[in-house]
Number of protein chains: 2
Amino acid sequence: MPYRRWKRHGHRHGMHRMTEPRRCIMKIFEENAGHLSAEEVFMLANRYLPNIGMATVYRTLDILSQMNYINKIVSYDGRARYELVRDNKIHTHLFCVNCGRVFELPSLSEDLIERLKKDINGNAENMGIDVHSFDVRIQGLCPECKKNK
Amino acid sequence: MPYRRWKRHGHRHGMHRMTEPRRCIMKIFEENAGHLSAEEVFMLANRYLPNIGMATVYRTLDILSQMNYINKIVSYDGRARYELVRDNKIHTHLFCVNCGRVFELPSLSEDLIERLKKDINGNAENMGIDVHSFDVRIQGLCPECKKNK
DNA sequence: ATTGATATTGATAATCATTCTCAATAATAT
DNA sequence: ATATTATTGAGAATGATTATCAATATCAAT
């Protein structure tokens, strides 16, 4: 999402003022690929805003999720991760049922994704739901945990 | 999983004794389709075992997950749900980013699932991971929350 | 069947991510 | 510049899940 559209878009989701902490957290997601936990976002933001509070981080992450600017992902360790929404990117994640970590797997083939989209959007329309994003999730053991079994 | 294989299978995952609470919880999953929270399992078990403790429920759910007898699903409300593993059933769940509830969507078409399996198992082999199950997850708004926006 | 070793239990306390509260502060419209 | 009020940060509160530990129940060996 381009910088200048933040405010306009945010207004629809309860973000009425553009503040330092919010600017900073959005920047962090623009600059860091990957799955950041709230704690990690907090530590990164801390470099620029030493007084930022954890509550602000959570509040901002919440709003950005509602805006569909970031995706919230919850794993088995009961900790949420957040990642920037990128157009047309469908993730395949491995969730290790043993250690709780999240791993990104190679993307599915293009036409498989196209067929998935078609299938899902058809169902979505019938059910009156609003699809923000979707992904394929694998439950299983990561390489490390598989070895130690 | 047939009753008589429980013990044999469980032994590999740290379940060395077959006890009343464990028998009861496994029965609950056999008899209840759907996504049960730990709290719900606790209340159902309570009917038969009035003294069962919450800790036992969590411990048992943990072992049954490790055994791949049930699937653990974590939603946006920070509460886990568990469901019996059924062969060849690939779920498509909607996770409402607003209210946290989980909804089951109509199953994907047979051949789409077959192609997904092939693709995923190929990647799994390359990465040395152990796939217990996989599912498609949609992040978005449920019918109710969509209306109230 | 009895026994002994020990896995499992239930009650409770502890943990840890997340949310709430509220007075102080800062962003925006005017 | 000022008034309005959304937002902040600190710390307390919440709520799901885990750890602790003495008491108990299971099962293998006898």
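The chains referred to below are lettered A, B, ... by the order of the sequence lines, with proteins before strands, and numbering in each begins at 1.
Under the 4.5 Å side-chain criterion, counting only non-hydrogen atoms from C-beta, A/H91 is in contact with A/E83.
Residue-to-nucleotide proximity on DNA chain D shows that, of A/P50 and B/E39, the 5′-proximal contact is made by A/P50. Between B/E20 and B/Y82, the residue whose closest nucleotide on DNA chain D is further toward the 5' end is B/Y82.
Using N1 to N3 plus N6-O4 or O6-N4 for Watson-Crick, or N1-O2 and O6-N3 for G-U wobble, each under 3.5 Å, D/dT30 pairs with C/dA1.
Between the P atom of D/dT7 and the NE2 atom of A/H13 lies a distance of 14 Å, rounded to the nearest Å. Atom CZ in B/R23 sits about 15 Å away from atom C1' in C/dA7, given to the nearest Å. Regarding B/M18, its CE atom lies at a distance of 23 Å from the P atom of D/dT24, rounded to whole Å. Rounding to whole angstrom units, OH of residue A/Y48 and C1' of D/dT8 are separated by 21 Å. The separation between A/H16 atom NE2 and C/dT25 atom P is 24 Å, rounded to whole Å. When the P atom of D/dT7 is taken as reference, atom CD1 of A/I25 falls 13 Å away, rounded to whole Å. Remark: P of C/dT9 and CG of B/L61 are 12 Å apart, rounded to the nearest angstrom. Atom CG in A/D62 sits about 13 Å away from atom C1' in C/dC20, given to the nearest Å.
Under 4.0 angstrom from either OP1 or OP2 of D/dT8 there lies at least one side-chain N or O belonging to A/R22. Between B/T19 and the phosphate of C/dA7, there is no side-chain N or O to OP1/OP2 separation shorter than 4.0 Å. OP1 or OP2 of C/dT18 lies within a sub-4.0 Å distance of a side-chain N or O belonging to A/Y58. OP1 or OP2 of C/dT18 has not a single side-chain nitrogen or oxygen of A/R59 nearer than 4.0 Å.
When heavy atoms are screened at a 4.0 angstrom cut-off, B/T56 is found touching base atoms of the nucleic acid.
Interface remark: the B/R17 side chain does form a donor-acceptor pair with the C/dA7 base, using a distance-only criterion of under 3.5 Å.
Just one of B/I73, B/V136, B/I138 meets the side-chain contact (heavy atoms from CB on, under 4.5 Å) condition when paired with B/H93; it is B/I73.
In this structure, NZ in B/K72 is found 15.5 Å from NE2 in B/H35, a value given to the nearest 0.5 Å.
Side-chain contact check for B/Q139 and A/N68: no donor-acceptor pair (N or O, by modelled atom type) lies under 3.5 Å.
Environment of CD in B/E31: crowded, with over 12 heavy atoms of neighbouring residues, nucleotides or ligands closer than 6.0 Å.
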